[in-house]
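We name chains A, B, ... by the order of the sequence lines, and we start the count at 1 in each one. Scope of the values below: all heavy atoms of this structure, side chains included, with no hydrogens, waters or symmetry mates. Since this is a predicted model, take the numbers as computed values, not measurements.
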Amino acid sequence: MTRKSSKRSSEYHGSSYTLEDGARAFGQKTRCIHDALPPCTVACPLEIPVRSILLKTSKGNVESAAIEYFEKSVLPSSVANLCNGFCEKKCLRGECDESIRVNEIERFLCKVSGNLAGKRTFIPKRKQRIRIDGANFTGLSCGLILLRKGYRIDLFDPDLDVLSACRRSIDLDKESSLDFLYEDYSLLQFFDSFSSKFGVDGIQCENEAYDARVFVVSGISSLEILELDNKIDTVPVVIEEDEYKCFIQNDVLFIRCEPSRNPIEQIALGKALSSIIDQYAKNKILVSPKQKNKETVRFPYTPHKIEYADFIAKDGTFAQAVSEANRCLQCSCDKCMTSCTLMREGRLSPPTYIVEAQQSLKTQRRLHDKLNIRRICGCNQCGLCKTVCPEGVDMGEVYLRSRQIMQSTGEMPEAFYDYWLRDLSENESHAFVGVPPLTEDVDYIFFPGCHLGSSNPDYVLQSYRYLLQQFDHKVAIDLHCCGAPAIWAGQVQTETTIAERFLETWKSLDSPKVITSCSSCRKYISNFSEKIQLISLWEVMDSSSFKMPDKQKACDRSIALFDPCSSRSFPQEQIAVRSLLRKMNCDFSELDCHGELAQCCGFGGLIYPGNPAIFNKILRERSEQSRLPYVTYCANCNDLFLWSGKKSKHILDYLFPSLDEMKYVHATDISDHRRNRQLLRIAIKEELSHVTNSEEPMVTESVDLQIPQDVREKMMMQLILDQDVECVITEAEKQGRKASYQDSGVFISYLSIGATTVWVEYSIICDNTYQVNNVYSHRMKIVEP
Amino acid sequence: MEPEEIRFEYLGNTFTHVFPQCPQCKLVFIPEDIVDSKIREVEMLLEEK
């Protein structure tokens, strides 16, 4: 046998926390596309919220849809009739069949909704007068928005009427009618504060009477333009990358602009001008309007099949319009929110969660700032959010870094992870690496993980016996922990110690291949060093001459396969498990969330003490995915399902039928886990006939505790061990520090154990035998005088 | 047992409340219903602050 002594390795930097790591995790908020505008709205010069309008229409809420459309389009009839479909060209629906006919829906809304402008209830009154020279689409839209804000508008144009003024400003066939324009013009005429004068050319500037004056070039005479061009001290105002000349004379704002020949772009310019004028009139400052968002986001979509309705607004029915609007894919991304219970429950967007986490971690919080610890400590760390996110945003990393920061600043409540870290420490103090005697070279090291043996020592023992036989005894066994509890608790130091211990052992055995039976162990060990070769027990069994159990004993019942969340990273494991089940003629069915969408059972991230509400919800949701009993290949998942009352089995129950005797009733609690781990260590030592340096005496309870099932369940819920109860009673009896209920023979005492204070009500049956009547605990410490 | 002002400590905060205490051994008695209501409530508040 070859042994190499190696110094403590410090090469592991797995998830050690640095400020850069934190910044990178929180910086992900800019990558999230949840709040991004859909491509239709980005393409539209007017940024009409097409998605929202179609959603309202699809629900039959036509009036609300029309109000939103009228508001954003400014001149609704003109937009509906003249737009050449900026949005339709970018519609994702067009990739699967045909784009949504947005123009037809808009025309339908105009047709059925009549004059909604009359419904405006409150219009502020302002004294300022604005003169607009040019009755094209820019002039009209600018005027209408300002009228709605309460300004007085005077509209002038050299043409004889509004129709010819608009016609001259755009490229339009002579035959095409612009009669719909009167509908939009009537929206301006609705206001008493509006006046217009047509057929007027070369009007002199009556600056005194106005607060602002807009020259819209296509509608006014060249004389006026020349006058403006000769002005000095002009201030440029940028609207969508185009510069427009402005100047202020005697407190009057002058703007000159040259709209494009496209009517929709003209209206967009009118909207921008109205914003400049409004700002000037209110605050006497010139502000360029906000640039339009031009970034197109590629949203993930799954087209639902809806028959393409033959819908034409002119004679379309309400049902047809609803049907057409229903074809909208409602482009948005809420993948993580639909996949993750925690994200869904909060009903906020991922960027909001990130900002919230960041604000929670500020060292100087104000009184009303709330530390959102429930969300930070409610994440399972399963990584599904990152898997489903088209931009790869990892909310798990945000919460993990938050936990690490909280641990480093001492803000993390100790009780949240205290039990698990004490459990880890207990395991690490007794665990060992066993090597078969007389083995010269070790080719493999079996790493069963803490929970498999805790659940049932025979799971590990039988698997190890099989591996020894399979690989000619060249298999060592490592009963240590992979460090997952420390990682999930944000305890970087413990995590590093565990990783270094593993690497030291692994190197001393000449870097053997590691066989895991837990996907989480595999995931975290693979982070220790990229040189480690890993394979799952299931792949070994599937590819080797593993003797399948007799068909009579094997499962032939209907069961559903529950993939543990960490198996998502190892599809080869998932394939091997399915293959093994098929070889056993197992009639299993797949859950909705399987394979690369595998979800956490609730155990991951150790969220139970920090956020019991979300833990219970997650566990219930997972248990209810199928009415069938589950088969899984993670001992944590299996134990948790059994505890929740869900019928479940570990795949090893089927592979080693002797383990199958307990059927679906065996659920181990945390005290069983400790005992089982000890039994496993003893069994492995016997198996290897190998005495290690750290001789461990079998811990037998010095007192006999009789604990009824209801109290045992309470202990499980509050993470109280039999050992803890024993400590309380022993200490109480030793010190005589106990209270009794009026000579009832029932005593009560308490003791601070770890981060909790455990209370036990008990009665003495005889020497060293106690009846435990009740157990409860709290996190607050009683300060002894 | 006699009513005494008992000091508690949680997450760096200290506060007092009257509970029965044995004058000799200083054993305190906090009934389960108080633990499940008031104490749990204060713990949760402090954890979120």
*Would you please name every residue forming a side chain to side chain donor-acceptor pair (under 3.5 Å) with A/Thr756, sequence neighbours left out?*
none
*So which part of B/Val35 gets closer than 4.5 Å to some heavy atom of chain A, the side chain, the backbone, both or neither?*
side chain
_Salt bridge present between A/Asp418 and A/Arg422 (N-O < 4.0 angstrom)_ = yes
*Does A/Tyr419 have its ring centroid less than 6.0 Å away from the ring centroid of A/Tyr608?*
no
*Let me know if B/Ile39 has heavy atoms under 4.5 Å from chain A in its side chain, its backbone, both or neither.*
both
_So which residue, A/His778, A/Glu784, A/Lys738, A/Met412, ends up with the most heavy-atom pairs under 4.5 Å with chain B?_
A/His778
*asked:* Out of B/Ile30, B/Thr14, B/Asn13, return the one with the most heavy atom pairs under 4.5 angstrom to chain A.
replied: B/Ile30
*Go through B/Met1, B/Glu32, B/Glu9, B/Arg7 and name the one with the most non-hydrogen pairs under 4.5 angstrom from chain A.*
B/Glu32
*Indicate, with yes or no, if the rings of B/His17 and B/Phe15 have centres closer together than 6.0 Å.*
no
*Which atoms of B/Ile6 approach chain A - backbone, side chain, both or neither, heavy atom under 4.5 Å*: side chain
_Residues forming a ring-ring contact (aromatic ring centres under 6.0 Å, His included) with A/Tyr750, sequence neighbours excluded_ = A/Trp759
